[in-house]
Amino acid sequence: MQRNTIEPRNNWQAAVEKLGFGFHSSDLPYWDESVYYSFGITEINAIEKATNELWEMSLAAVQHVIDHQLYNQFAIPAFMVPLIEKSWEQDHPAIYGRFDLCVKNGQIKLLEFNADTPTSLYEAGIVQWFWLQDFNASKDQFNSIHEKLIAYWKFLNRFLHNNSLHFTCLKESLEDLTNTEYMRDCAIQAGLNTQLVFIDDIGWDEMNQQFVDLEETAIQNIFKLYPWEWLVNESFGENILKAKNEPYWIEPAWKMILSNKSILPILWQLYPNHPLLLPAFFEPGSLTNFVKKPKLSREGANIEMMQSGIATNKTGGEYGEEGFIYQALFSLPEFDGKYPVIGSWIIGQEAAGMGIREADGLITDNKSRFVPHLIS
Amino acid sequence: MKKTKAIKLVLISATLAACNQPEKKDWETNGNSKVHLRSDTSAPYTRVHHNNAGIGTALLWYYAFRPMGNFNNNQYQRAGYYSGGIAPSSNIGKNNFKGAVIRGGFGRSAYSVSS
């Protein structure tokens with residue numbers, strides 16, 4: 001794994017905007033092509049293998065949580081348990097997730113799993129692919145995200161309820177809309193009939209007890225870029241279980257287990273000393289160097305890093321109400337004062353590619369940049 | 001090879017292309033008595049890029065998805081989004097049954113999902 005600095009393309013802003021990538025910059029640059037990372041094929045094969053293995057372990061962990069009714073440790077409201085179990089037992093459609101990995105000195109460690117609403121899909125699947133076409137099309141990249149998404153939507157199509165697949169996200173965020181519309185693009189290419197409805201435009205039809213779109217057409221299948229923990233705490237939350245047409249929610253409700261950082265101590269209990277895992281617990285116990293993470297949080301918020309009893313890093317935010325977990329510290333590798341995290345995608349049941357977020361510190365937050373990669 | 005062999009985008013490209021078309025103002029010309037109202041201010045997107053040459057494509061894309069609706073019986077009704085990427089049949093509400101549908105029960109938790 002090497003960090004390489006280069007000159008960005010002269011017209012890089014126009015080049016990425018042509019792809020529909022409108023959030024490449026805000027107050028700070030987000031897409032950064034003045035840098036790329038190169039990997040040997042052996043390293044990539046190891047990341048791919050680790051991702052597939054972590055996926056298998058994650059599924060076993062879900063089964064364990066359900067078998068032992070550990071929902072309290074996940075702060076999951078009781079009214080959601082029947083849907084979680086039903087969606088698991090009936091294998092409701094699911095399509096993706098992103099493991100955040102630390103890759104250092106030949107080791108790969110799971111930092112967390114974004115299993116419900118992972119973003120940066122578009123940057124990883126499309127923007128860095130087109131960057132490589134311009135930079136050196138003869139090079140390879142760990143990135144079959146696009147073709148795997150289309151293939152898996154084709155596979156899922158036969159399991160969906162009739163009629164269309166709705167897609168929903170917040171309307172205030174161009175980033176969320178881009179990720180959602182990209183997913184919809186892949187579904188269209190897979191032959192699905194799709195509709196976009198923003199999350200706050202979703203209606204509840206009291207008479208027929210079902211969710212509807214702006215046309216008042218019943219929602220039978222819906223891909224949501226909106227976390228379960230937000231859905232269930234909002235005023236329509238309990239309607240999710242009342243819906244008579246029993247729509248498929250993608251990602252399904254059982255992803256509430258995997259998208260919660262409580263899964264990290266559970267994985268450690270199930271697979272103690274596994275080389276892909278870091279020790280993680282519900283209490284700090286004997287850990288001296290650790291990271292305290294809220295069970296539910298986003299973009300590196302409310303993280304606290306402790307080394308020998310001293311807080312060395314701390315981020316602000318509004319998360320933590322549900323409690324925390326404690327994970328042994330495994331510092332990100334440093335390259336010229338920059339710290340990369342590998343986001344490794346699972347699509348369907350397979351590792352599908354990766355994206356890299358580079359931060360200026362040990363905590364990857366919402367100021368970190370997306371940088372492309374290639375296989376050397 | 002571990003990379004996708006070829007990439008085609010059907011929706012996002014089409015949407016952007018549609019954004020560059022002159023806006024169709026059919027409510028000004030077709031004699032429709034309904035008053036259509038833009039509600040741009042209801043969707044203050046963040047992270048929109050403006051370039052020095054004018055309005056960026058990202059902003060144009062936002063315009064493609066700005067909500068539209070109309071006033072009917074002194075009530076404003078949301079009817080869809082301006083977008084070439086959305087089927088016309090789903091873009092303007094023609095359903096006369098506007099019964100017991102409540103909206104706005106989702107979407108109040110945050111402004112972005114980013115994770």
Quiz item: So which part of A:Tyr182 gets closer than 4.5 Å to some heavy atom of chain B, the side chain, the backbone, both or neither?
Solution: both
Quiz prompt | Residue pair B:Met1 / A:Asp140: nearest heavy atoms and the distance that separates them | solution = CA-OD2, 3.2 Å
Quiz item: Which atoms of A:Asp176 come close to chain B, meaning under 4.5 Å heavy atom to heavy atom: side chain ones, backbone ones, both, or neither?
Solution: side chain
Quiz item: With only heavy atoms counted, which part of A:Ile150 is less than 4.5 Å from chain B, the side chain, the backbone, both or neither?
Solution: neither
Quiz item: Which residues pass the ring pair (Phe, Tyr, Trp, His ring centres under 6.0 Å) test with A:Tyr226, sequence neighbours left out?
Solution: A:Trp230
Quiz prompt | Contact origin within A:Glu112 toward chain B - heavy atom pairs under 4.5 Å | solution = neither
Self-check item: A:Asp185 side chain vs B:Leu9 backbone, donor-acceptor pair below 3.5 Å
Solution: no
Self-check item: Main-chain N/O of B:Thr4 paired to A:Trp129 side chain as donor or acceptor, under 3.5 Å
Solution: yes
Quiz prompt | Side-chain donor or acceptor of B:Lys2 paired with backbone N/O of A:Asn45 under 3.5 Å | solution = no
Quiz item: Distance-only, no hydrogens or angles: does the A:His146 side chain make a donor-acceptor pair with backbone N or O of B:Lys8 under 3.5 Å?
Solution: yes
Quiz item: Where do B:Phe106 and A:Glu234 come nearest, in terms of heavy atoms and distance?
Solution: CA-OE1, 2.9 Å
Exercise. Go through the atoms of A:Ile240 and report whether side chain, backbone, both or neither lie under 4.5 Å from a heavy atom of chain B.
Key: side chain
